[in-house]
There are 2 protein chains.
Amino acid sequence: MTTRRAPRARPETLVKRTEILRAATATFGAKGYKNGPLTEIADQVGMTHAGILHHFGSKDQLLVEVLKYRDQEDVAPLEGAHIPGGMELFRHLVRTAFTNETRPGIVQAYAVLSAESVTDEHPGRAYFEERYQTLRREITEAFAAVCAERGITAPATVDRAAASILAVMDGLQVQWLLSPDDVQLAEASAFAIEAIVAAVLEPSRTPLDLGLHPTS
Amino acid sequence: MTTRRAPRARPETLVKRTEILRAATATFGAKGYKNGPLTEIADQVGMTHAGILHHFGSKDQLLVEVLKYRDQEDVAPLEGAHIPGGMELFRHLVRTAFTNETRPGIVQAYAVLSAESVTDEHPGRAYFEERYQTLRREITEAFAAVCAERGITAPATVDRAAASILAVMDGLQVQWLLSPDDVQLAEASAFAIEAIVAAVLEPSRTPLDLGLHPTS
DNA sequence: GAGAGGTTACTACGCTGTCAGTAAGTGATG
DNA sequence: CATCACTTACTGACAGCGTAGTAACCTCTC
């Protein structure tokens with residue numbers, strides 16, 4: 001319970017810390033959190049594993065800081081450093097998918113860690129729970145804004161659509177990591193997002209009878 | 001490399017083996033493969049971990065058999081023990097999503113293991129690679145059949161759609177496991193599958209301009 | 001009585017975290 | 001401006017645990 005916050009860092013030290021965070025992202029991405037040893041991270045930055053623990057206190061804490069670090073890095077390049085709303089959000093998500101195709105390491109880290117986080121007592125669980133909640137809310141609000149713009153009331157499907165959009169992006173990442181030649185990450189993401197957005201804005205022109213609506 | 005297959009099993013032993021496979025599914029689901037100890041599996045079936053190794057030779061081999069076992073269990077209840085085609089396949093996928101809502105343990109095992117399989121040298125990797133390839137092919141063929149039925153030529157989007165359908169199902173499982181109260185696994189899956197199928201069969205009535213088509 | 005289905009005992013290893021010690025920096029002070 | 005007091009940034013050794021796999025040995029059952 002010792003709050004090892006703010007150890008009055010030397011300016012040079014902050015550089016080293018982010019170096020560690022990057023190395024940890026690589027190792028956790030390649031091997032998972034539980035199976036990614038501190039020594040491997042330490043090697044990458046020319047240190048012993050004890051040095052890592054000196055900076056972050058524990059491996060659990062390191063993971064939390066890795067996740068937080070990735071968040072602020074992702075938001076950084078955005079205009080005004082804030083996620084857009086309305087239809088622009090969907091465009092942003094599609095752009096993100098295209099960007100992701102150029103950085104398999106980070107994609108792998110998120111894919112592995114998010115799934116691993118559902119295991120018992122995982123230190124990253126709270127982070128991913130909140131993350132998904134936040135993202136779903138933002139997408140739901142974007143739907144509401146777009147619907148309002150078009151003078152229609154947002155249908156009840158927006159909640160399902162919001163979860164589905166995130167889901168399809170994540171799921172495609174796993175398939176893409178397994179078979180990069182068979183799966184077009186960005187284009188498939190764009191296609192699916194368009195399909196889902198269209199289904200919300202112009203619902204069920206043709207009922208497909210997939211068993212959803214219990215007619216039988 | 002010793003083929004420890006067919007050790008002339010006693011009928012009672014086969015029961016024990018499947019008992020082990022079920023226990024392993026539970027443990028691997030709860031903790032992941034690497035972090036799921038053999039001793040925990042052994043405890044569940046009233047055995048020592050050496051007993052498990054007697055049956056399966058190694059932990060890696062056990063995982064492979066767990067995955068194979070789940071496959072044949074899933075196909076078993078189906079008519080004719082074979083996956084349907086055409087529009088019936090999509091109905092089957094939606095039904096599966098509803099079934100899955102009643103068995104979080106198995107869902108968790110698949111979610112955790114499929115993502116873990118993309119890590120370095122994971123023993124389950126080949127299985128998941130093939131599994132996704134097979135499933136994508138089956139869905140693509142179902143699309144082709146449905147299109148033929150309607151007298152239209154299957155559009156180029158079927159490949160992306162096939163991957164997207166699997167992706168959305170998998171991705172929703174992770175979110176559902178993290179927040180079961182916030183995410184409706186089955187209903188969201190059904191909605192997304194309908195949306196994607198509709199987008200294939202009746203493409204782009206209204207262009208949404210999500211940046212997919214580089215018009216600028 | 002041979003082999004299947006185990007157990008007990010043990011080896012060997014990998015991992016996190018602790019601890020003591022060291023070298024280099026920081027800062028107040030006489 | 002030199003020195004003393006203290007902090008930061010580590011290293012190296014090691015404790016302590018959990019784990020996979022092996023080997024030898026029982027003990028039922030065909």
Side-chain angles (χ1 to χ4, degrees), chain A residues 1-21 23-24 26-28 30-66 116 119-124, chain B residues 1-21 23-24 26-28 30-66 116 119-124:
Chain A
M1 285 300 156
T2 50
T3 31
R4 64 162 24 259
R5 258 326 27 187
R8 190 157 46 220
R10 228 134 38 196
E12 186 194 25
T13 307
L14 275 174
V15 177
K16 202 79 183 175
R17 275 179 60 99
T18 61
E19 220 180 304
I20 294 170
L21 290 172
T27 288
F28 292 159
K31 305 197 169 182
Y33 168 71
K34 276 285 182 181
N35 199 40
L38 287 177
T39 49
E40 186 181 300
I41 299 165
D43 283 352
Q44 294 177 70
V45 298
M47 218 190 270
T48 63
H49 86 278
I52 308 269
L53 289 171
H54 167 73
H55 283 291
F56 293 94
S58 74
K59 197 188 174 188
D60 279 19
Q61 189 57 34
L62 172 60
L63 175 64
V64 172
E65 303 229 21
V66 162
E116 190 179 355
T119 58
D120 295 352
E121 312 270 326
H122 196 278
Chain B
M1 287 299 154
T2 50
T3 28
R4 64 162 24 258
R5 253 340 14 200
R8 194 157 43 221
R10 237 164 351 223
E12 186 195 23
T13 308
L14 275 174
V15 177
K16 203 79 184 177
R17 274 178 63 99
T18 61
E19 222 179 302
I20 294 170
L21 291 173
T27 289
F28 291 159
K31 306 196 169 182
Y33 167 71
K34 274 286 184 183
N35 199 39
L38 286 177
T39 50
E40 186 181 300
I41 298 166
D43 282 352
Q44 293 176 71
V45 297
M47 220 193 271
T48 63
H49 88 278
I52 308 267
L53 289 171
H54 168 71
H55 283 291
F56 293 94
S58 75
K59 198 189 176 189
D60 279 21
Q61 189 57 32
L62 173 60
L63 175 65
V64 171
E65 303 230 18
V66 162
E116 189 179 353
T119 58
D120 293 352
E121 312 269 326
H122 197 279

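Keep in mind that this is a model prediction, so the values were computed, not measured. We name chains A, B, ... by the order of the sequence lines, and we start the count at 1 in each one. These values consider heavy atoms only, across backbone and side chains, with no hydrogens, waters or symmetry-generated copies.
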How many Å lie between [atom1] on [X] and [atom2] on [N], as a whole number?
{"X": "A:D60", "N": "C:dC15", "atom1": "CG", "atom2": "C1'", "answer": "13 Å"}
{"X": "B:L14", "N": "C:dG6", "atom1": "CG", "atom2": "C1'", "answer": "16 Å"}
{"X": "B:F56", "N": "D:dG21", "atom1": "CZ", "atom2": "P", "answer": "14 Å"}
{"X": "B:E19", "N": "C:dG6", "atom1": "CD", "atom2": "P", "answer": "10 Å"}
{"X": "B:L53", "N": "D:dG21", "atom1": "CG", "atom2": "P", "answer": "6 Å"}

Fill in: Close side-chain approach of A:I41 to A:I52, heavy-atom, < 4.5 Å
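A side-chain contact exists here, since the closest heavy-atom pair is under 4.5 Å.
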
Discussion item. Is there a side-chain contact (heavy atoms from CB on, under 4.5 Å) between B:D60 and B:Y33? Walk through the geometry before answering.
Written reply: CA-CA 9 Å; B:D60 279 21; B:Y33 167 71; 2.4 Å; yes

Worksheet item: If the sugar-phosphate is the primed atoms plus P, OP1 and OP2 and the base is the rest, what is the B/S/- string for nucleotides 10-19 of chain D, using protein heavy atoms under 4.0 Å?
Response: BBB------S

Item to complete: Locate the shortest heavy-atom distance separating A:G32 from B:T119; write the atom from each residue and the value.
Response: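 In terms of heavy atoms, the two residues are closest at N-CG2, 3.9 Å.
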
Item to complete: State whether the number of non-hydrogen atoms from other residues, nucleotides or ligands found under 6.0 Å of A:K34 atom NZ is greater than 12.
Response: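 Not more than 12 within 6.0 Å, no.
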
Practice prompt. Please round to the nearest 0.5 Å and tell me the distance separating atom CD of B:Q44 and atom CD1 of B:I20.
Written response: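 Separation between the atoms: 11.0 Å.
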
Worksheet item: Quick one: does B:S58's side chain have a donor or acceptor within less than 3.5 Å of a partner on B:Q61's backbone?
Response: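 Between the backbone of B:Q61 and the side chain of B:S58 there is a qualifying donor-acceptor contact (under 3.5 Å).
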
